[in-house]
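All values below were derived from every heavy atom in this structure, side-chain atoms included, with hydrogens, water molecules and symmetry-related copies excluded.
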Amino acid sequence: MAIIKQQDMIDSIADALQYISYYHPLDFVQALEKAYHKEESQAAKDAIAQILINSRMSAHGKRPICQDTGIVTCFVNIGMDVQWDKTDMTIQQMVDEGTRRAYLNPDNPLRASIVADPAGARKNTKDNTPSVVHINMVAGNEVEVMIAAKGGGSENKTKMAMLNPSDSIADWVVKTLPTMGAGWCPPGMIGIGVGGTAEKAGVLAKESLMDPVNIQDLIDRGPENAEEALRLEIYERVNKLGIGAQGLGGLTTVVDVKINSVPTHAASKPVVMIPNCAATRHVHFHLDGSGPANLTPPKLEEWPEITWEVGENVRRVNVNGLTKADIAEWKTGETVLLSGKILTGRDAAHKKIQELLASGEGLPAGVDFTNKFIYYVGPVDAIGDEAVGPAGPTTATRMDKFTEMMLADTGLLGTIGKAERGPATVESIKQHKSVYLMAVGGAAYLVSKAIKKARVVAFEELGMEAIYEFDVEDMPVTVAVDSTGESAHVTGPAIWQAKIEELDDALTPKT
């Protein structure tokens, strides 16, 4: 019989969430380093370099890897021989209290992203609670906890299907994954749950993402069962799609594929696929009654010494006073370093702008988008002498339904975000002679170092979704859609899928 202290559980949850906010799992870092050295696409290689540099900076500075510090998902396996020293809190309440303390930690505040009344007012709970807790009773006298902070950009790309028993899971994955776009910030992992019922498959997929990155070990020894063979098949076929880092085209789209399965009904084959982004964050710990979990920090020398140098194909610009004639010279794939003033805005701000314009009231005082760029971001609160906390891009696709309004009615010059834009939005960008610039998802702390000043100019009540004015210096972005409507997220993967096919043909023995 083990007696676990309620306080030890709360403290361990809080410590774990702080820990994973700035420490990538080292197996994931090592997988990214291999992908970096293997990569032949310069755009993808640059993106992976920024992710790795950001990872090392976050570990050193103990600041979040990504501005989206996630929804907390916690798997708690409780031994049947465990007792708790107090019974005034449920497991859910213990996890929520640990979450609350972690996200409100003044030394490293984490962004509160959870909204209550999701079908209605969607009001932020301010402390990132409640968390999502899965409880399982198991044999033994310990409590095992697997905890993750899952970003919305990757969580939103979850796919589910009720396949026929004879259908190929690999075929479904290969067909479905390109429809997810790049909002999940590849390269990352994909977790697949198979069997049970629909909701069970979803839990299996999420739990699989807690496993270590070990696909190379499996490649080296070969599969020993059907599930392992399926992992290898999906890994190989997905990477041949040429989607690449950030969806720009390249050799590595996934660094591992995980599969959990359970028995299911003879007439059913439920399958759920959940991606983990480049800000993969999870940790495991055990409680046996001897005290809170001891999470040993990794050594900084474990991170690769990778640098990112600005190449020749770079354009340094002052965004103050830019015109459509200026940006007409920018071409898809170019790296641009932005300096000057830009504005920010996400979903909630765009909705309020739409309502204000429709009512005839107009934009708030002090907000003028004329010949300006809007950056889709919800930053972490600043600490110390920071102008702003980690401030990486959010998924631009969510703002597609507002883009025509912004370009037509506000004088906006261009947009900055992550991932692709939809066909209608690309056409709108082309019509208005605008541009869409892409910052690297998963490099939030690195991006924040380019922001020298920040102030809220409208909708302060929206918290991280308020409109900010940023003063930036050499903020790195890539031209993802130029003023002619050419999209890097269309051309890049197509080019690299063809190149990968050519490489395979060249390596295939001729008979």
Side chains of Met80 and Val138: closer than 4.5 Å at any heavy-atom pair?
-> no
Is the count of non-hydrogen atoms from other residues, nucleotides or ligands lying under 6.0 Å from His134 atom NE2 greater than 12?
-> yes
Go through the side-chain N and O atoms of Asn214 and Arg231 and say whether any donor and acceptor fall under 3.5 Å apart.
-> yes
Compute both the distance and the angle, then confirm whether Lys175 meets the cation-pi test with Trp172: under 6.0 Å from the six-membered ring centre, within 45 degrees of the axis.
-> no
Distance only, no hydrogens: is a donor on one side chain within 3.5 Å (strictly under) of an acceptor on the other, for Lys45 and Ser41?
-> no
State whether Lys269 and Asp167 are salt-bridged, where the test is any N-O pair (Lys NZ or Arg NE/NH1/NH2 against Asp/Glu carboxylate O) under 4.0 Å.
-> no
Do Ile219 and Gln216 come within less than 4.5 Å of each other through their side chains, counting heavy atoms only?
-> yes
Salt-bridge contact Arg421-Asp400 (side-chain N to carboxylate O under 4.0 Å) | yes
Above 12 or not: heavy atoms from other molecules or residues under 6.0 Å from CE of Met137?
-> yes
Stepwise side chain to side chain contact (heavy atoms under 4.5 Å, CB included) test for Thr478 and Leu437 = CA-CA 5 Å; Thr478 300; Leu437 309 176; over 6 Å; no
With Asp27, the side chain to side chain contact (heavy atoms under 4.5 Å, CB included) member among Leu32, Val213, Asp256 | Val213
Could you tell me whether the side chain of Thr99 reaches within less than 4.5 Å of the side chain of Ile13, counting heavy atoms only?
-> yes
Which is it for Lys62 and Tyr23 under the side chain to side chain contact (heavy atoms under 4.5 Å, CB included) test, yes or no, and what are the steps along the way?
-> CA-CA 8 Å; Lys62 294 189 176 181; Tyr23 289 138; 3.6 Å; yes
Distance-only polar pair, side chains of Ser166 and Asn164, donor-acceptor under 3.5 Å | no
Step by step, would you call Asp482 with Lys430 a salt bridge (Lys or Arg N to Asp or Glu O under 4.0 Å)?
-> CA-CA 8 Å; Asp482 66 19; Lys430 179 181 177 181; over 6 Å; no
Which word best sums up how the rings of Phe373 and Trp330 line up, parallel for under 30°, tilted for 30 to 60°, or perpendicular for over 60°?
-> parallel
For residues Ile114 and Pro130, determine if any side-chain heavy atom of one lies less than 4.5 Å from a side-chain heavy atom of the other.
-> yes
Interatomic distance, CD1@Ile78 vs CG@Leu287, rounded to 0.5 Å, equals 10.5 Å
Check each of Lys240, Lys499, Lys38 against Leu251 using the side chain to side chain contact (heavy atoms under 4.5 Å, CB included) test, and report the only one that passes.
-> Lys38
For the residue pair Phe28 and His24, does the interplanar ring angle fall in the parallel (under 30°), tilted (30 to 60°) or perpendicular (over 60°) class?
-> tilted
Less than 6.0 Å separating the ring centroids of Tyr376 and His350?
-> yes
Cationic N near anionic O, under 4.0 Å, Arg221 to Glu224 | yes
Evaluate the side-chain proximity of Ser261 to Glu227: yes if any heavy-atom separation is below 4.5 Å, no if none is.
-> yes
Is any side-chain heavy atom of Lys150 closer than 4.5 Å to a side-chain heavy atom of His282?
-> no
